[in-house]
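Naming: A, B, ... by sequence-line order, numbering from 1 per chain.
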Protein chains: 2
Amino acid sequence: MTPAQPTPDSTSSPARPSTIQDVAREAGVSRAAVSKVIRNAYGVSDRMRTQVEAAIERLQYRPRVAARAMRGASFTLGFEIPQVGNDFLTMIVDGATEALATTPYQLIIAPLGRDQKGDVAINSLADRQVDGIVAISPRVDPAWLERIAERTPVVMIGRHDRSDRYDTITGDDRSGAEQVMSHLVGLGHRRITHLTIHPSRPEPPWAGQAGDEPHVVRTAVYRERMHALGLEPTVVHTLFDGSEARTATRALLDSPEPPTAIFAGNDTLAIGVLSAVAEAGLDARDVAVVGYDDVPIARHPLVSLTSVDQSGAAMGREAARLLLERLEGRTEAVRLEIATELRARRSSAELSRLPGP
Amino acid sequence: MTPAQPTPDSTSSPARPSTIQDVAREAGVSRAAVSKVIRNAYGVSDRMRTQVEAAIERLQYRPRVAARAMRGASFTLGFEIPQVGNDFLTMIVDGATEALATTPYQLIIAPLGRDQKGDVAINSLADRQVDGIVAISPRVDPAWLERIAERTPVVMIGRHDRSDRYDTITGDDRSGAEQVMSHLVGLGHRRITHLTIHPSRPEPPWAGQAGDEPHVVRTAVYRERMHALGLEPTVVHTLFDGSEARTATRALLDSPEPPTAIFAGNDTLAIGVLSAVAEAGLDARDVAVVGYDDVPIARHPLVSLTSVDQSGAAMGREAARLLLERLEGRTEAVRLEIATELRARRSSAELSRLPGP
DNA sequence: TGGAATCGCTGAAAGGATTCATCGGCGGAG
DNA sequence: CTCCGCCGATGAATCCTTTCAGCGATTCCA
């Protein structure tokens, strides 16, 4: 053994964590050899592998991600999510975490602060040289995102746009919204109000593609179906966090001709709607409520919210898979569309007090 | 100008992102000078600052975090959270995100995969050289955590242990549980069952300090209060995700002497309990239910779950603040305890069918 | 007015891993 | 027996930023 031991004083200064150099010395091989072993790269003999692995174990070596990222990969995939508390997004993250469990990749999430735009978080992930990015904010500039995607694989979840540079995963919002409308109309509803989040404001410069956003698609389908039935569509816009949904619903219920059904753009809003309905002493017999996303709480018997399942977990799994594919060399863009399924529950089941046709 | 321009071909290869070197050249100063400007460090003239900032703007320069982390800081704080979907943890993250909005620090979250232990995620954050770590998993080895904390500031949320190396933030679990028990007993309940998560299994090597875990403290208080009243405590253990809470509750309700009140160790469990209660066609008049954490859905009128507010957002804010303090040089450990407040709601409000005393 | 301290800025070294060109040894083909 | 090619392994170059010692010029104090 060489006298250059890893400084046996463990009391005063916090012992320097070992580096690839230390491992190489301990195993009696070169740094490059150790590097190949930890990356599972080609060209290492069994004997060397076991030697190096033993040295790694003895020295408790862990590669520094920052140093790896300087030349190679960071083995990190980044999720940009606009709202930490949103259960639908949570399902997506869960799915991806699951899919990555058996890979050397670690998932990190960059949450958005209130009033922060998605590009801040995406930039921040890019600065950290993650090997791939999953973006969910539908309102970042596609052109800008393509520039990011030139350097780092990107999967955009939710937005129906078409890009040659990044992959997209969407739910089938058109069919999902159709299912909702058929369901409500089938129950006999005519005064159906649609409640959704505010459109981008101020209008973004790429506004021509606003129809890409999932909520906008759902709203469009709502309008089409109402018109087709000769009914007047009523669309109410609120903030995305559900607080405004409650007050907006209260106003609707107090109006001279209150709706008999409310189609909310997502479950967060629908939960807010249900608050107002319950607080007004009403229930599904007075106002049917339908949401979108089928978050876990929707199936709780006290809530029992009719919703559209677009399988967030599958979206997350697929997003992870698409990124891994890109990292393995795929270059053509892929577009995935996830099928939707209506989960009819009590919030839209009973119709006793519906006005006659 | 030197002929070594930054390669004007912008069509074929994705233009190399500019580095601090490019900025230095563009501004006609040294790399070190640029570095000082972007770090807001001491010793730069106004003239130079404006020059450099203009160059940064022109070149769209963004510092590479990996390279910064090699010698300096990564300006990243890491959250290890055991369950992405847990609303209480979400509140903590939200609070921290808020607190960091005005700082140059970015928050990243390392989620745990199913069946993964907290130390995996904490290690992964340490490998990424985050400047500080917030850990929430109560079941990592304290000694191991102290070793991490030698190198990176750590705040442990939830666990009541005492460390000289890392800071801790806890709710006042003792007082919170007391409030719950006083509330239930005050309503006249005697057959009170406590439902909580499984204790660590197998028993961890540092089991002597198991009493540190918040759930264990709450359970201990429950037992004490029951004994003080001459009542037999009943404790049921389930998985942490609420699925088992439902089935366990069903079994309780089917037992010969069903409880008149259930004190759940947290709101996730309580929501599961409420499922079973509702599915059995019962409500608060039959079984009072109390949770812990006061997650947002608890106040929903359809749920209206009595719970203990321990201000998750404040915990997150404080965690961020403690880390920033450490980064500014504080070395003594800090322990913070957040006061609790009982939020009595309908799930424990009505007692009509309570058996007489 | 001389010397010291301060200020603004610079060049070079450092940090830990990967990548690339290269090299010695060995087996197989001619 | 010789030559070619492949395999396993290595040393050096590289990635981008911060840090540190140092340098000239200015200011301050005696």
query: For B/Leu59 and D/dT17, what is the distance between atoms CG and C1' respectively, to the nearest whole Å?
result: 16 Å

message: Within the 4.0 Å heavy-atom criterion, would you say B/Tyr61 contacts the bases, only the backbone, or no part of the nucleic acid?
response: sugar-phosphate

- prompt: Counting any heavy atom closer than 4.0 Å, what does A/Val29 reach on the DNA or RNA strands: base, sugar-phosphate only, or nothing?
  reply: sugar-phosphate

message: Rounding to an integer number of Å, can you tell me how far A/Met48 CE sits from D/dA9 P?
response: 4 Å

- request: Kindly compute the distance separating OG (A/Ser30) from CD (A/Gln21), expressed to the nearest 0.5 Å.
  value: 9.5 Å

task: Figure out the CE/C1' separation between B/Met70 and D/dC15, and round it to whole Å.
output: 9 Å

field: Atom-pair distance (CZ on B/Arg68; C1' on D/dT19), nearest Å
entry: 14 Å

- request: Give a yes or no answer on whether the side chain of A/Glu80 reaches the backbone of A/Ser137 with a donor-acceptor pair at less than 3.5 Å.
  value: yes

- line: When the rotation axes relating C1' atoms of four end pairs to the next four are compared across the helix from C/dT1-D/dA30 to C/dG30-D/dC1, five pairs an end, they differ to 10° by 40°

task: Have a look at B/Val34 and say if it touches a base, only the backbone sugar-phosphate, or nothing, with a 4.0 Å heavy-atom cut-off.
output: nothing

message: Quick test of your reading of the model: are B/Arg159 and B/Asp161 salt-bridged, counting only N-O distances below 4.0 Å?
response: yes

message: Just the rounded figure in Å: distance from P of D/dT10 to CZ of A/Arg25.
response: 14 Å

field: Test side-chain contact (heavy atoms from CB on, under 4.5 Å) applied to B/Arg128 and A/Gln106, step by step
entry: CA-CA 10 Å; B/Arg128 278 163 184 75; A/Gln106 164 77 28; 3.4 Å; yes

field: Atom-pair distance (CD1 on B/Ile38; P on D/dC16), nearest Å
entry: 14 Å

statement: Result for 5'-nearest mapping on DNA chain C, choosing between B/Lys36 and B/Arg31, is B/Lys36

task: Consider the side chain of A/Arg71, meaning its heavy atoms from C-beta on, and name the nucleotide among D/dT17, D/dT14, D/dG8 that approaches it most closely.
output: D/dT14

task: With a 4.0 angstrom cut-off to heavy atoms of chain A, pull out the first and last contacting nucleotide of DNA chain C, in 5'-to-3' order.
output: C/dG16 to C/dT19

task: For atom CZ of B/Arg162, decide whether the heavy atoms of other residues, nucleotides or ligands shown that lie under 6.0 angstrom number more than 12.
output: no

query: Are any of the side-chain heavy atoms of A/Ile38 and A/Arg68 separated by less than 4.5 Å?
result: yes

query: Does B/Arg321 use its side chain to pair, donor to acceptor, with the backbone of B/Arg317 at less than 3.5 Å?
result: no

- prompt: Does the side chain of A/Pro138 reach to within under 4.5 Å of the side chain of A/Asp212, using non-hydrogen atoms?
  reply: no

- request: Using atom CZ of A/Arg128 as one end and atom C1' of D/dC16 as the other, report the distance to the nearest whole Å.
  value: 15 Å

statement: With the side chain defined as heavy atoms from C-beta on, B/Thr19 is closest, among D/dG11, D/dT17, D/dT19, to D/dT17

query: Just checking, is any N or O donor in the side chain of B/Arg39 or B/Ser35 under 3.5 Å from an acceptor N or O on the other one?
result: yes

message: Measure CZ/A/Arg49 against C1'/D/dC7 and give the value in whole Å, please.
response: 15 Å

